[in-house]
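What follows is one structure encoded as C-alpha cells, with my remarks underneath.
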Amino acid sequence: MLLQLKIQIKGITKPPVWRKLLVPDYFTFDRLHEVIQVAFGWQNYHLYQFSPKGLGSYPEIGIIDEEWDEGNTEDAEKIILKEFLNQKGQKYSYIYDFGDGWTHLITIEDIIDRNQLKAELLDGKGACPPEDCGGTWGYENIKDIMKNKQHEEHDSVRTWLGLEDEKWDPNYFDMNEAKQEVAAV
C-alpha cells in the first residue's frame, strides 16, 4: 500500500511550506524521516521524533539517543509506518531539531492499493527554512529582513544564507530537483 501524505510545517504562512508525498507503508519511520529531509531541503543535522500529537504524546518514535531519550522512545529504524499510520484522514506529528522545534503536521490524504518501491514527491509549496535560523519566529524574521534592503541586518543575512547575486524568494521551491532527491532515498 502507498500512503499519500501531506506534510506541512506548522506556524509558517505567506507562503505556507508543505510537501505532498507517496510513501510505501512498509517504510520505517527512519526512512520516512530521510524522505522528509530531502523533500523539504533540510540537511539532517538534528534529532527528530514522530508522535501522534507532538512532543509528549505516545508513542514517541525516533532515534534512540541516551542524551535526549528518557526511555520512552520507540526505535524509528525498527517500526514500520503501517503500524501507526494506517487510516485516511489520520494526523501525526514530525518534529525536527528540538532546538528550533520545527513541527510538521502529517495528514494521510489517501491510502492507495498499489505497490511501489520508492517514495515519490507529488507536489509542494514554499522554500524550506534554513537550518538553525531560530524556528518559526526566526524564519519569519528572516523573511521580514530580506523584504527590506534597507534593514540593518539585510547584508549579513544574505551572507549567512550564502547569497551572492541571486534573489532570495520564500516562495521558491524547485519541484524537479526535490523529485529527484526523493526518488534517490
With Glu109, which residues qualify under salt bridge (charged side-chain N to carboxylate O under 4.0 Å, His left out), at least two apart? Lys20
What's the verdict on side-chain contact (heavy atoms from CB on, under 4.5 Å) for Asp25 and Asn86, showing C-alpha distance, side-chain angles and the deciding distance? CA-CA 8 Å; Asp25 68 353; Asn86 49 33; over 6 Å; no
Between the main-chain N or O of Trp102 and the side-chain N or O of Asp100, is there a donor-acceptor pair closer than 3.5 Å? no
Taking atom CG of Leu117 and atom CZ of Phe27, what is their separation to the nearest 0.5 Å? 8.0 Å
With sequence neighbours left out, what residues match Lys88 under side chain to side chain contact (heavy atoms under 4.5 Å, CB included)? Asp110
Listing request: all salt bridge (Lys or Arg N to Asp or Glu O under 4.0 Å) pairs with a residue in residues 111-134, at least two apart in sequence or in separate chains. none
Among all residues two or more places apart in sequence or in another chain, which pass the side-chain hydrogen bond (donor to acceptor under 3.5 Å, both in side chains) test with Asn171? Asp169
Decide yes or no for Ile9 and Thr103: does some side-chain heavy atom of the first lie under 4.5 Å from some side-chain heavy atom of the second? no
What side-chain donor-acceptor pairs closer than 3.5 Å can you find for residues 174-185, not counting sequence neighbours?
unit_1, atom_1, unit_2, atom_2, d
Asp174, OD1, Asn176, N, 3.3
Asp174, OD1, Glu177, N, 3.0
Asp174, OD2, Tyr172, OH, 3.3

Listing request: all side-chain hydrogen bond (donor to acceptor under 3.5 Å, both in side chains) pairs with a residue in residues 26-38, at least two apart in sequence or in separate chains. Asp30-Tyr48, His33-Asn44, His33-Tyr94, Gln37-Tyr94
Indicate, with yes or no, if Phe84 and Val23 share a hydrophobic cluster defined by side-chain heavy-atom contacts under 4.5 Å among Ile, Leu, Val, Met, Phe, Trp and Tyr. yes
Do Leu105 and Phe40 share a hydrophobic cluster (ILVMFWY, side-chain heavy atoms under 4.5 Å, transitive)? no
For Trp18, all residues meeting side-chain hydrogen bond (donor to acceptor under 3.5 Å, both in side chains), sequence neighbours excluded: none
Just to verify, what does His154 make a ring pair (Phe, Tyr, Trp, His ring centres under 6.0 Å) with, not counting sequence neighbours? none
Centroid-centroid distance, Tyr96 to His46, less than 6.0 Å: yes
With sequence neighbours left out, write down each residue that passes side chain to side chain contact (heavy atoms under 4.5 Å, CB included) with Ile111, or none if nothing qualifies. Met1, Leu3, Ile108
Which pairs would a plain distance check flag for residues 136-147, meaning a side-chain donor or acceptor within less than 3.5 Å of a matching protein atom at least two apart in sequence or in another chain?
unit_1, atom_1, unit_2, atom_2, d
Tyr139, OH, Ala127, O, 3.2
Glu140, OE1, Lys143, NZ, 3.4
Glu140, OE2, Lys143, NZ, 3.2
Lys143, NZ, Thr13, O, 2.9
Lys143, NZ, Lys14, O, 3.4

If we ignore hydrogens and angles and just use 3.5 Å, is the side chain of Gln49 paired with the main-chain N or O of Leu47 as donor and acceptor? no
Would a 4.5 Å heavy-atom cut-off, applied to side chains only, mark Ile106 and Lys91 as touching? no
Side-chain donor/acceptor of Arg19 to backbone N/O of Ala39, under 3.5 Å: yes
May I ask you to list the residues sharing a hydrophobic cluster with Tyr58, side-chain cutoff 4.5 Å, ordered by chain and number? none
Cluster partners of Leu2, using ILVMFWY side-chain heavy atoms under 4.5 angstrom, listed by chain and number? Leu22, Ile112, Leu122
